[in-house]
Colleague: 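Before anything else, here's the structure in question.
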Number of protein chains: 2
Amino acid sequence: MITLRQLRYLTAIAETRHFGKAAKLCHVTQPALSMQIQDLETSLGTQLVERRRGQVALTQSGTDIAEKAFAILAAVADLESHGRAGRAALAGPLRLGIIPSIAPYLLPRALPALHRRYPALTLRIRETQTKALVDELAHGDLDLIVAALPLDRPDFETLAAFEDRFLVARKPRGPDAAKRIDPAALESEHLLLLEEGHCLRDQALSVCGTLSPNLSKAFGASSLSTVMHLVANGYGITLLPEMAAETEGSDKVELVRFSEPEPVRTIGLAWRRSSARGADARALVDVLQEARG
Amino acid sequence: MITLRQLRYLTAIAETRHFGKAAKLCHVTQPALSMQIQDLETSLGTQLVERRRGQVALTQSGTDIAEKAFAILAAVADLESHGRAGRAALAGPLRLGIIPSIAPYLLPRALPALHRRYPALTLRIRETQTKALVDELAHGDLDLIVAALPLDRPDFETLAAFEDRFLVARKPRGPDAAKRIDPAALESEHLLLLEEGHCLRDQALSVCGTLSPNLSKAFGASSLSTVMHLVANGYGITLLPEMAAETEGSDKVELVRFSEPEPVRTIGLAWRRSSARGADARALVDVLQEARG
DNA sequence: GGGCACGATCAGATTACCTTATCGACATGA
DNA sequence: TCATGTCGATAAGGTAATCTGATCGTGCCC
């Protein structure tokens with residue numbers, strides 16, 4: 001008979017690839033963990049762990065099972081937190097993930113209001129790229145994430161908060177320059193972008209559509225602030241989310257809107273379907289929308 | 001600490017609404033089950049079961065938790081069957097659901113081939129309407145279902161098998177009648193349909209689109225065979241899936257194709273994402289396609 | 001009010017699980 | 001080559017979780 005304990009021990013093995021360390025992680029001794037893993041292998045009729053010299057490895061089955069075990073344990077953990085669902089939204093601990101191209105612009109405005117309206121909320125914030133956020137949310141390391149939608153994860157539920165326009169940031173070109181810009185007009189420009197992995201990079205590339213020739217030259221910076229300094233010094237242009245305009249704008253850079261239909265990205269929240277964070281998400285969306293004003 | 005045992009006992013309560021019967025279902029004594037439920041309530045910090053005179057009822061929380069518990073237990077059961085995934089596809093027990101508007105036409109052709117090619121397969125077949133199949137699949141009472149796609153269930157994975165054309169079945173109207181029919185031309189006809197709940201009824205209505213006036217008269221029969229007899233006797237027309245044409249056709253009824261684009265429905269398989277039935281599904285699709293050939 | 005149905009509680013038995021101690025295989029290095 | 005260290009498996013015995021069987025208390029029905 002499979003038990004949650006066995007699944008917990010298996011995931012510890014998956015994380016540490018070491019029986020002793022896994023046992024320590026689970027606050028038990030190594031023989032206890034070894035035996036549970038053996039029981040699990042017997043129940044499943046498959047070898048899950050390859051005991052090799054040096055370090056252990058999961059078999060193909062073991063990897064698959066561990067993956068599912070993570071999901072099951074996350075679902076059970078959500079069950080445990082379900083009691084909280086009966087109480088008020090946005091109270092108690094909440095682990096929130098945010099992507100880097102939103103966090104510096106949204107958080108300074110949203111956090112004060114959030115603390116004011118939900119004093120019982122204990123936020124723990126993590127800022128990293130979408131892919132990592134999604135993984136950590138799925139594994140139960142986060143409760144809620146703020147990212148650009150859609151995420152294409154059927155095990156997540158999502159809620160759109162607002163749309164964020166893309167603006168073109170470039171050196172000022174005098175009053176005779178076009179008031180609105182067509183994406184096709186960017187073909188001849190040198191486009192500056194964030195480094196690989198940032199969803200903002202992919203979104204900007206998608207706005208610029210088929211402009212493959214120049215894209216190989218696309219620069220990779222690690223923060224929007226850096227990119228904007230480069231733009232200010234004439235190294236090229238970039239696409240700036242409107243939300244960042246206030247913070248990143250300067251008199252050395254001109255921000256121009258696209259012609260209709262203006263390209264946007266949808267910013268929203270996501271949480272595990274099995275978690276009881278829907279009420280929290282709806283409450284948070286309200287705060288975010290007000291903060292954006 | 002929550003255990004799978006507690007979840008199993010809770011689902012038994014949800015099914016029986018009776019501690020004694022639930023205990024029997026779990027092959028334990030009633031005190032054992034009572035205590036586990038109490039432990040679960042303590043862990044969750046919520047009352048799950050209302051002990052009332054006569055019979056017990058689940059609280060709102062209890063209903064929610066039981067729902068999630070079903071899902072978790074199904075995922076664990078899928079884990080247990082994962083061992084089978086390593087072996088050949090379509091071997092061992094498989095609980096297959098099929099909708100009534102496909103079963104009588106597809107099974108007679110598919111089953112012999114299926115048994116010939118997969119002698120190790122032990123099929124248990126259930127025929128009922130889509131909604132029931134979907135519920136039973138989600139609860140883990142079925143392994144795989146054959147239905148019209150899409151199903152709009154993010155926890156299911158699906159695989160399309162083939163498209164099935166709709167034909168118009170009517171009394172013969174002589175050689176001067178149109179060779180192809182436009183859906184709009186059905187407006188003046190009396191449309192005969194299956195009773196409420198059959199997806200074929202909804203699909204046929206959708207094909208006929210905006211023809212609301214006649215639809216309120218839409219007849220409700222319990223089998224396609226009945227409908228076709230009515231058509232043969234001049235009570236109206238119906239939409240017949242091409243798959244059923246061979247069986248249900250007769251010289252008293254004329255089958256006419258629609259004009260392009262011909263309306264079709266997509267028949268396919270669905271299974272729980274968490275189950276390891278993908279290989280089985282792919283193998284089964286091959287057999288179904290050949291059987292239809 | 002007696003009998004009954006049903007869930008809660010209690011005491012003792014059973015089972016599952018853990019810990020400590022030890023083994024055996026393998027690698028490393030003097 | 002042999003001592004040494006690492007790591008997972010195994011063994012023995014103790015502890016905690018869980019079960020069973022008996023009993024209690026409550027509400028219901030006749």
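Predicted model, so just to flag it, every value in this text is computed and none were measured. Chain letters run A, B, ... following the sequence lines, proteins first and then strands; every chain starts at 1.
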Colleague: Please determine if a side-chain N or O atom of B/Arg51 lies less than 4.0 Å away from the OP1 or OP2 oxygen of C/dA8.
Modeller: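 So the side chain of B/Arg51 is within the cut-off, an N or O lying under 4.0 Å from OP1 or OP2 of C/dA8.
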Colleague: In whole angstroms, how far is the C1' atom of D/dT18 from the CG atom of B/Leu40?
Modeller: 15 Å
Colleague: How many Å lie between CG on A/Asp39 and P on D/dA9, as a whole number?
Modeller: 12 Å
Colleague: Looking at every non-hydrogen atom in both residues, tell me the closest pair between B/Ala138 and B/Asp155 and how far apart they are.
Modeller: CB-OD2, 4.5 Å
Colleague: Closest heavy-atom contact between B/Leu106 and B/Leu288?
Modeller: CD2-CD2, 3.8 Å
Colleague: Just to be sure I understand the geometry, which residues of residues 8-16 of chain B put a non-hydrogen atom under 4.0 Å away from DNA chain D?
Modeller: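 Only B/Tyr9 qualify.
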Colleague: Where do A/Ala110 and A/Val287 come nearest, in terms of heavy atoms and distance?
Modeller: O-CG1, 4.0 Å
Colleague: Do the side chain of A/Thr158 and the main chain of A/Leu269 share a donor and acceptor less than 3.5 angstrom apart?
Modeller: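 Not a single qualifying donor-acceptor pair exists.
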Colleague: Hey, what are the protein-to-nucleotides 9-16 of chain C N/O distances that come in under 3.5 Å?
Modeller:
residue : atom : partner : partner atom : Å
C/dT9   : OP2  : B/Gln38 : OE1          : 3.3

Colleague: So, is A/His18 close to the D/dG8 phosphate, meaning a side-chain N or O under 4.0 Å from OP1 or OP2?
Modeller: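 Result: yes.
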Colleague: Quick one: on DNA chain D, does B/Leu33 or A/Gly20 contact a more 5' nucleotide (nearest heavy atom)?
Modeller: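 It is A/Gly20 whose nearest nucleotide is closer to the 5' end.
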Colleague: Check residues 96-103 of chain B and write down every donor-acceptor pair under 3.5 Å in which the side-chain atom is one partner and the other belongs to a residue at least two apart or another chain.
Modeller:
residue  : atom : partner  : partner atom : Å
B/Ser101 : OG   : B/Arg265 : NH1          : 3.3
B/Ser101 : OG   : B/Arg265 : NH2          : 3.2

Colleague: Indicate yes or no for a side-chain donor-acceptor contact from B/Ser43 to the backbone of B/Ile2 under 3.5 Å, with no hydrogens or angles considered.
Modeller: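 The answer is no, because no donor-acceptor pair under 3.5 Å joins these two groups.
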Colleague: Is it true that, when you exclude A/Arg117 itself, more than 12 heavy atoms of the residues, nucleotides or ligands shown sit nearer than 6.0 Å to its CZ?
Modeller: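 Yes, because the 6.0 Å sphere around CZ of A/Arg117 holds more than 12 heavy atoms from other groups.
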Colleague: Side chain of A/Thr29 only, heavy atoms from C-beta on: which candidate in C/dT19, D/dC19, C/dC17 is closest?
Modeller: C/dT19
Colleague: Using a 3.5 Å distance criterion without hydrogens, assess whether the side chain of B/Arg272 forms a donor-acceptor pair with backbone atoms of B/Leu142.
Modeller: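 It does hold such a pair.
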Colleague: For a quick test of reading the model, state the closest non-hydrogen atom pair linking A/Ala132 to A/Thr128 and the distance between them.
Modeller: CB-CG2, 3.6 Å
Colleague: Is there a side-chain contact between A/Asp280 and A/Trp271 (heavy atoms, below 4.5 Å)?
Modeller: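 Of all side-chain heavy-atom pairs linking A/Trp271 with A/Asp280, none is under 4.5 Å.
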Colleague: Where do N or O atoms of nucleotides 23-25 of chain C meet protein N or O atoms at under 3.5 Å, pair by pair?
Modeller:
none

Colleague: Which heavy atom of B/Ile37 sits nearest a heavy atom of B/Arg51, and at what distance?
Modeller: CG2-NH2, 4.1 Å
Colleague: B/Leu90 and B/Ala283: which non-hydrogen atoms are nearest, and at how many Å?
Modeller: CD1-CB, 3.6 Å
Colleague: Could you pull out all donor-acceptor pairs under 3.5 Å where a side-chain atom in residues 20-29 of chain A meets a protein atom, sequence neighbours excluded?
Modeller:
none

Colleague: For the pair made of CZ in A/Phe19 and P in D/dT10, what is the distance, rounded to whole Å?
Modeller: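 Whole-Å distance recorded here is 11 Å.
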Colleague: Five pairs per end, C1' atoms only: what is the angle between the end axes of the helix from C/dG1-D/dC30 to C/dA30-D/dT1, to 10 degrees?
Modeller: 10°
Colleague: Return the value, rounded to whole Å, for the distance between atom CD of A/Glu50 and atom C1' of D/dA9.
Modeller: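 Rounded to the whole Å, the gap is 17 Å.
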Colleague: Measure from CE on A/Met1 to C1' on D/dA17 and round the result to the nearest Å.
Modeller: 16 Å
Colleague: In whole angstrom, give the distance that lies between atom NZ of A/Lys24 and atom P of D/dC7.
Modeller: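 One finds 10 Å between P of D/dC7 and NZ of A/Lys24, rounded.
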Colleague: Is a side-chain donor or acceptor of A/Gln6 paired with a backbone partner of A/Thr3 at a separation under 3.5 angstrom?
Modeller: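 Side chain of A/Gln6 to backbone of A/Thr3: a pair is present.
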